[in-house]
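Side chains are part of it too, since the values below use all heavy atoms of this structure and drop only hydrogens, waters and symmetry mates. In this chain, numbering begins with 1 at the start of the sequence shown.
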Amino acid sequence: MNELYHDESAKCMALTLLMMPGPNPGSISSPMDTEDSALAGFYRQLDSLREDSCVHELLIHGNFDLLAPEDAQIFAYERCLKGKRLSLIANWSSEPVTCRMTTDLADGVVLAAVYSDTHPSETMLLRPYEAFAVLK
């Protein structure tokens with residue numbers, strides 16, 4: 001694996017897996033030994049996110065819709081419940097890829113993102129291993 005994207009690929013996978021529907025798995029153990037690691041901080045952020053009551057309810061009870069089933073590089077879905085929508089978009093590739101969503105993500109709140117400067121839109125160029133979760 002390209003060392004340039006080591007943290008990004010780990011964050012992409014963690015964000016994707018932790019935002020999958022299902023019961024709260026409890027605290028996720030970070031693979032990093034140091035408390036000040038950026039990756040360890042990201043894992044703590046994801047732990048807190050799963051504990052949020054709105055996010056938890058959407059993950060457990062929200063209606064599931066796959067957003068980009070035709071694209072092998074992108075894993076994208078949304079869960080909807082009671083007027084709320086949680087969307088997850090992930091580029092599982094080491095290459096940039098253009099992502100076109102049928103839903104507008106621009107005015108949602110980014111809950112977690114691999115890259116801190118992520119700005120969701122209907123059409124965007126996803127960087128290698130870019131992943132983010134948006135609540136609308």
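Considering CG of Leu111 and OG of Ser48, their distance stands at 12.0 Å, rounded to 0.5 Å. Going from atom SG of Cys99 over to atom CD1 of Ile74 covers 4.0 Å, rounded to the nearest 0.5 Å. Rounding to the nearest 0.5 Å places NE2 of His61 at 15.0 Å from SG of Cys80. Separating the CG atom in Leu126 from the CZ atom in Phe132 is a distance of 6.0 Å, to the nearest 0.5 Å. We find the CG-CG distance between Asp52 and Leu135 to be 8.0 Å, quoted to the nearest 0.5 Å. Glu51 contributes atom CD, which lies 11.0 Å from atom CG of Leu46 (distance to the nearest 0.5 angstrom).
The shortest non-hydrogen separation linking Phe75 to Leu66 is CE1-CD1, 4.1 Å. When all heavy atoms are compared, the tightest approach of Arg100 to Thr98 is NH1-CG2, 3.5 Å.
Side-chain N or O atoms of Arg79 include one that pairs as donor or acceptor with a backbone N or O of Leu58 at under 3.5 Å.
Grouping the Ile, Leu, Val, Met, Phe, Trp and Tyr side chains by contacts below 4.5 angstrom, directly or via other members, places Leu125 apart from Val97.
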Please set out all donor-acceptor pairs under 3.5 angstrom arising from side-chain atoms of residues 84-91, sequence neighbours excluded.
residue : atom : partner : partner atom : Å
Arg85   : NE   : Glu78   : OE1          : 3.3
Arg85   : NH1  : Thr103  : OG1          : 3.1
Arg85   : NH2  : Thr103  : OG1          : 2.9
Arg85   : NH2  : Asp104  : O            : 3.2
Asn91   : OD1  : Ser93   : N            : 2.9
Asn91   : ND2  : Glu95   : O            : 2.9
Asn91   : ND2  : Arg127  : O            : 3.0

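Using a 4.5 Å heavy-atom threshold, the side chains of Val55 and Ser53 count as separate.
Looking at residues two or more places apart in sequence or on another chain, you find a side-chain contact (heavy atoms from CB on, under 4.5 Å) between Ser121 and Met124. Remark: Glu122 pairs with no residue by the salt bridge (charged side-chain N to carboxylate O under 4.0 Å, His left out) rule, at least two apart or across chains.
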